[in-house]
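Position 1 is the first residue of the sequence; numbering continues from there. Hydrogens, waters and symmetry mates play no part in the numbers below; they use all other heavy atoms, side chains included.
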Amino acid sequence: MLTKLIKTSLRHRGAVFAVAVLLLAYGVLALTRAQYDVFPEFAPPMAIVATEAPGFSAGEVERLVTGPVEAALGGTLGLVSMRSKSLQGLSMVNLIFAGKIDVWRARELVNERLSQLAARLPQGADPPHLLPLTSATSVVMQIGLTSTSLSPMALDDAARFTLRPQLLSVPGVADVIIFGGAARQIRIQASARRLLLHNLALGDVISAVRA
C-alpha cells in the first residue's frame, strides 16, 4: 500500500507539489488570522445580572432583591444553572446556559425578563441590569478602600466618581462594580403635625420631591 502510494506520488509529482503549496498557503493564512488568548474561552455561555440596592443589608438584599430576580429569571430557555451572591447593597445573579445556546440570544432572553422586573423590586433598589459580556475569567481584581481620615460616604464618593471612571478608561476593562460603603443620599422626614398645619398630604411632599 505504501509502495503504491509513493509510486503514484512520483508519477504525479506536479499535482502533489501543487497540493502541498496550497496547503502551506492555507496554513500560513490561518496562522495569521488565529486569535491568541492567555485564557482561552472554556466555559459555557454565561450572563451576570447585577442589582444595586444602596442602604440594604446583605439579608435584605437576599430577601427583597436576589429572590425576586431569581424567580423572574428561572425557566429561561436554555438555562442550566443559576448561582447568586448577596452583599451589602449589591445582588449578583450568575446564569449559566447550555453550550449550544448562542450567548447573544441568551442575553436577549434575559433582558426581556428583566424589563418586567424593575417595578416589582422594593423602592430604593436600582433596576437590574446585565453586566457587559466578558470572558470566563470574569472578575479579575477586587479592590478595597480604607481610610483613617475619610468617612465611609467620602470613600464611596471617591470610588464612584474618581476611581471607577479611571479604571473604566483602562483598555480591556469591561465594567467596574461598586458595593458596600455608604452611598450619598438625601432623606426627607415629613412631620405629620406640619403637614396638617399646612393642609398637605404625604403625596404632596412626594410629588414636590419628584419635581
Q.
For T66 and S86, which I'm curious about, is there any donor-acceptor pair between the side chains at under 3.5 Å?
A. yes

Q) Does the side chain of S57 come under 3.5 Å of the side chain of Q88 through a donor N or O and an acceptor N or O? A) no

Q. Knowing that exactly one of L131, V61, T51 qualifies, which makes a side chain to side chain contact (heavy atoms under 4.5 Å, CB included) with M92?
A. L131

Q) Is it the case that one hydrophobic cluster holds both L90 and I178, taking links as side-chain heavy atoms less than 4.5 Å apart, direct or via other members? A) no

Q.
Are W104 and I101 linked, directly or through intermediate hydrophobic residues, by side-chain heavy-atom contacts shorter than 4.5 Å (ILVMFWY only)?
A. no

Q. Is the backbone N or O of N94 less than 3.5 Å from a side-chain atom of R83, with the two atoms forming a donor-acceptor pair by type?
A. no

Q) With sequence neighbours excluded, what pairs up with R164 under the side-chain hydrogen bond (donor to acceptor under 3.5 Å, both in side chains) test? A) D175

Q | Straight-line distance of S81 OG to I96 CD1, nearest 0.5 Å | A | 3.5 Å

(Q) Would L87 and F56 count as a side-chain contact (heavy atoms from CB on, under 4.5 Å) here? Give the steps. (A) CA-CA 9 Å; L87 307 172; F56 286 56; over 6 Å; no

Q) Looking at NE2 of H129 and CG of N111, how far apart are the two atoms once the value is rounded to the nearest 0.5 Å? A) 11.0 Å

**Q.** Note, V21 side chain near F17 side chain (heavy atom, < 4.5 Å)
**A.** yes

Q. Given side chains that start at C-beta, do those of V205 and L200 come closer than 4.5 Å, heavy atoms only?
A. no

Q.
As an exercise, state the distance from CG of D102 to CG of L109, rounded to the nearest 0.5 Å.
A. 10.0 Å

